[in-house]
Amino acid sequence: MGRAFVYVIVGGGVAAGYAALEFTRKGVSDGELCIISDESVAPYERPALSKGFLLPEDPTRLPSFHTCVAANDEILTPKWYKEHGIELLLGTRVRSVDVRRMTLVSSTGETISYNFLIIATGARALKLEEFGVEGSDAENVCYLRDLSDANKLATVIQSSSNGNAVVIGGGYIGMECAASLVINKINVTMVLPGAHCMARLFTPKIATMYEDYYRSKGVTFIKGTVMTSFEFDSDKKVTAVNLKDGRQLPADLVVVGIGILPNTGLFEGQLTMEKGGIKVNSKMQSSDSSVYAIGDVATFPVKLYGEMRRLEHVDSARKSARHAVSAIMEPEKAGEFDYLPCFYSRFFAFSWQFYGDHVGQVVHFGEYEEGKVFGAYWVKEGHLVGTFLEGGSKEEYETISKATEMKPAVTDMEELGREGLRFAQTVVSQQVVPEVEVVDQSSEMVRQMSIVATMEKPLHVWHAVSGVVVAASVAAFALWYGRRRR
């Protein structure tokens, strides 16, 4: 025997929570929606795991960071799902999916059918074993992708005060966890394969600013090498990390942040894949019309880039979830998912946001020496395509978002550097645009703000459009009148 639902969400991460809230706002009926998650808790805001969850005093704990608190919205506790008639199957893995038959089988053996399926399976952390290194199962080797990982890391941190931690990787997880470890009075060494931290986004100049601050907090950076093996004691606990360059680092704790891999396995051979994810259109709809994909697992068209991209960030997960639900529930009203890529992070007293694409020529601006408000513009083919800002106000972050979406022309790179943030402010003050959501990172609250397209020579544009409309109307009337006469 099995059960049938109109809507089923596979996966219980951030995207699932935001999709659930959107379903209720679009009028889903009791018993129509089911969420299947292999985690034992209702969807929550994952960014809290590397920050507030690891604080030495008064750490953040559930239910305080269930979705959708980061959007300054309702906190979706298990009670909330029950009150809204949503079936929440926790601690349940999906064993198989048959897209053609519109059914899936859970780890308990139950068959569940659906009319619409939303794939929110997210991604998993890459393990050292995938690079030929054994030891991930050691009690003091930690990853950070879900709540169970965070609980393990928090426990090891408590037993490692004044000890030595080795952080493998210099991306989001590496940088955020390193800051939390320092706050917990642990000595930190970061091992980076490249020339600087956050290599996929930061320029060397931006990276140097943050690395210098980390060094002032006692963090040591080892670059241009990778780990090759662990040393263990008799209890199979890691005591040291061996590097390819021959160095050996003492370790009471190891945090591994070497990337993620989208969870697409259930759908390979059934849905079209692209760039490591499930290919969807601007409605977040896959190659099968009844199946949608959102968050880290989805590869969707990004207008700003003019190509398909798979984006790994919580902002994309939240917004793609809302859009997919709108496309399912109100297909005649839902437009295209016109997403402005957004990335952000916080560590120590720093808080930065990036909008757009990091391609083309880079122009830096601001107070890099003081480490206060500074940033960078990316210019490609004479137009602004990306903006980074550290230490901005809510209004300034909104401004760079608006300016980036407008893609204004840039003719003088030196002047752009001198103008700095004023360039974006000037561009925005002279324009008017449609609304777009922007992240207020200080509280991770999503704000609505106005943005608009360039209106150069507005009267001329209006006259031209009016002329076309009038001409079309006259032609249509003439055709109708001629037919009537006949």
Can you confirm whether [X] is buried at [atom1], in the sense that more than 12 heavy atoms of other residues, nucleotides or ligands lie under 6.0 Å from that atom?
X	atom1	value
Glu268	CD	yes
Glu381	CD	no
Lys244	NZ	no
Glu332	CD	yes
Asp412	CG	yes
Lys185	NZ	no
Lys152	NZ	yes
Arg200	CZ	no

Could you check whether any side-chain heavy atom of [X] comes within less than 4.5 Å of a side-chain heavy atom of [Y], counting everything from C-beta outward?
X	Y	answer
Phe365	Glu419	no
Leu76	Cys68	yes
Ile222	Leu249	yes
Glu45	Val69	yes
Ile278	Val291	no
Leu304	Glu405	no
Leu117	Val97	yes
Pro63	Thr77	yes

[X]-[Y] aromatic ring centre distance below 6.0 Å:
X	Y	value
Phe350	Tyr210	yes
Phe388	Phe202	yes
His66	Tyr44	no
Phe348	Tyr213	yes

How close do [X] and [Y] get, counting heavy atoms only, and between which atoms?
X	Y	answer
Ala20	Ile9	N-CD1, 4.4 Å
Ile294	Ala15	CD1-CB, 3.6 Å
Met190	Gly170	CE-CA, 4.1 Å
Ala154	Arg61	CB-NH2, 4.3 Å
Leu201	Trp378	O-CZ2, 3.9 Å
Leu144	Leu49	CD2-O, 3.8 Å

For the residue pair [X] and [Y], categorise the inter-ring angle as parallel (less than 30°), tilted (30 to 60°) or perpendicular (more than 60°).
X	Y	answer
Phe423	Tyr377	perpendicular
Tyr292	Phe116	tilted
Phe347	Tyr214	perpendicular

Look at [X] together with [Y] and state whether they make a salt bridge at an N to O cut-off of under 4.0 Å.
X	Y	value
Asp38	Arg124	no
Arg46	Glu176	no
Lys283	Glu336	no
Glu398	Lys394	no
Lys223	Glu211	yes
Glu312	Arg310	yes

Checking [X] side chain against [Y] main chain: does a donor-acceptor pair fall under 3.5 Å?
X	Y	result
Ser320	Gly295	yes
Ser429	Thr426	yes
Thr24	Leu21	yes

Just one of Val156, Asn164, Ile157 clears the side chain to side chain contact (heavy atoms under 4.5 Å, CB included) bar with Ser160, so which one?
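That would be Val156.
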
Determine, for [Y] and [X], whether the Lys NZ or Arg CZ falls below 6.0 Å from the six-membered ring centre while staying within 45 degrees of the axis.
X	Y	result
Lys319	Tyr339	no
Arg309	Tyr305	yes
Lys127	Tyr143	yes

State the CD-CD distance between Glu330 and Glu22, to the nearest 0.5 angstrom.
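These two atoms lie 8.5 Å from each other.
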
Roughly how far, to the nearest 0.5 Å, is CG of Leu153 from CD of Gln158?
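Atom-to-atom, Gln158:CD and Leu153:CG are 10.0 Å apart.
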
Ser351 and Tyr397: CA distance, side-chain angles, deciding distance, side chain to side chain contact (heavy atoms under 4.5 Å, CB included) verdict
CA-CA 11 Å; Ser351 176; Tyr397 286 129; 4.3 Å; yes

Taking atom types as modelled and ignoring hydrogens, do the side chains of His196 and Thr208 form a donor-acceptor contact shorter than 3.5 angstrom?
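Not at all, the side chains of His196 and Thr208 share no donor-acceptor pair under 3.5 Å.
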
Please determine, by modelled atom types, if Ser136 and Glu129 share a side-chain donor-acceptor pair under 3.5 angstrom.
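Ser136 vs Glu129: donor-acceptor pair found between side chains.
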
Residues His313, Tyr344; criterion ring-ring contact (aromatic ring centres under 6.0 Å, His included); working and verdict:
CA-CA 9 Å; His313 198 273; Tyr344 60 87; 4.7 Å; yes

